[in-house]
Amino acid sequence: MKFGVVVFPGSNCDYDCYHVLKHVLQKDADFIWHKDRELSKYDCIVLPGGFSYGDYLRTGAIARFSPVMESVVKHAQKGKLVIGICNGFQILLESGLLPGAMLRNESLKFICRFVHLRVENTDTPFTRLAKRGEVLRIPIAHGEGNYFADAETIEKLKKNDQILVRYCDPKGSVDRAANPNGSLENIAGICNEKRNVFGLMPHPERASEAALGSTDGRKIFESIVQYA
Amino acid sequence: MKAKVYVTLKKSVLDPQGKTVQHALSTMGFNEVKDVRVGKYIELELGEISKSQAEQKIKTMCEKLLANTVIEEYRYELN
């Protein structure tokens, strides 16, 4: 099992992801510079959070044209795993690997705090160790996490069980009050139809050690390890 | 040839920034402002190419990079 953590100019959660994979989970992991194209030795590609290319034009809009992204698309087409966290999720949306787009948070504020997530589907490589309906406590840190897609796309996501995590209250109730950013359907994370590409706004790598206040994020990384 | 590209959120997409600006204007007494959409303005210097060529290229640029057509619409002027 080998992870590859992509480093774009402006990525800032790359070391956090690498640290969790390498030192907490004790798995093989490499950094991949965004100009590299060789991904064949990796089982799972991580697109980390940050502000790739300074969020110029739109979040993820420029990173999506980095040389490495062509290989990430091919990697995904082969059925191998890709997880995009925060800015990584935004890049997955811009690249078309996942449907929809991000709008600015409804409040127009950058929000950095712990939120609760309800796991909606556990039949995926990314959530298989969680229980359906389980509540995970993981932080968010973003200004643009207000997920949007047209009504038809939302219906399809629901029908195919592609919404993997929704913002909820500590008891698991999904409602407007528990939605930090205005995202449709309280969406915090979705996967593609084949279930091998997952994007989420919350940062599981910031909730993988007790010293950081939560270890719930480990469930996501450990699910990947167990699957692969 | 110069292109001016305007990108705004689609009418069907809520523009929280526009709403906030509208609210500020109304606080200032400009109550006649019924709606505000905040967008992007992009200028491109295209060099010596024909108008039809420019049109074709600008459309591709908008569709692929300058606008995200899931949430945004665009228009352009060439001169």
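Naming: A, B, ... by sequence-line order, numbering from 1 per chain.
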Original post:
So does B:Lys57 have more than 12 non-hydrogen atoms from other groups sitting under 6.0 Å from NZ?
Top reply: no
**OP:** For residues A:Leu103 and B:Leu9, report the shortest heavy-atom separation together with the two atoms involved.
**Re:** CD2-CD2, 3.6 Å
**OP:** Keeping the roles fixed (side chain from A:Arg64, backbone from B:Leu65), state whether a donor-acceptor pair exists under 3.5 Å.
**Re:** no
Subject >> B:Glu43 CD: over 12 foreign heavy atoms closer than 6.0 Å >> reply: yes
Original post:
For B:Gln56, does the CD atom sit with more than 12 other heavy atoms under 6.0 Å from it, leaving out its own atoms?
Top reply: no
Original post:
Has A:Tyr15 got more than 12 heavy atoms of other residues, nucleotides or ligands less than 6.0 Å from its OH?
Top reply: no
Original post:
Nearest 0.5 Å, what's the CG-CG distance between A:Asn146 and B:Leu14?
Top reply: 8.0 Å
**OP:** Verify, without hydrogens or angle tests, whether A:Arg58 (side chain) and B:Leu66 (backbone) share a donor-acceptor contact under 3.5 angstrom.
**Re:** yes
**OP:** Find out whether A:Leu57 and B:Ile42 are in side-chain contact, i.e. whether some heavy atom of one side chain is under 4.5 Å from a heavy atom of the other.
**Re:** yes
Subject >> Residues, nucleotides or ligands: over 12 heavy atoms within 6.0 Å of B:Lys40 NZ >> reply: yes
Subject >> Non-hydrogen atoms of B:Val13 and A:Phe148 that approach each other most closely >> reply: CG2-CZ, 3.6 Å
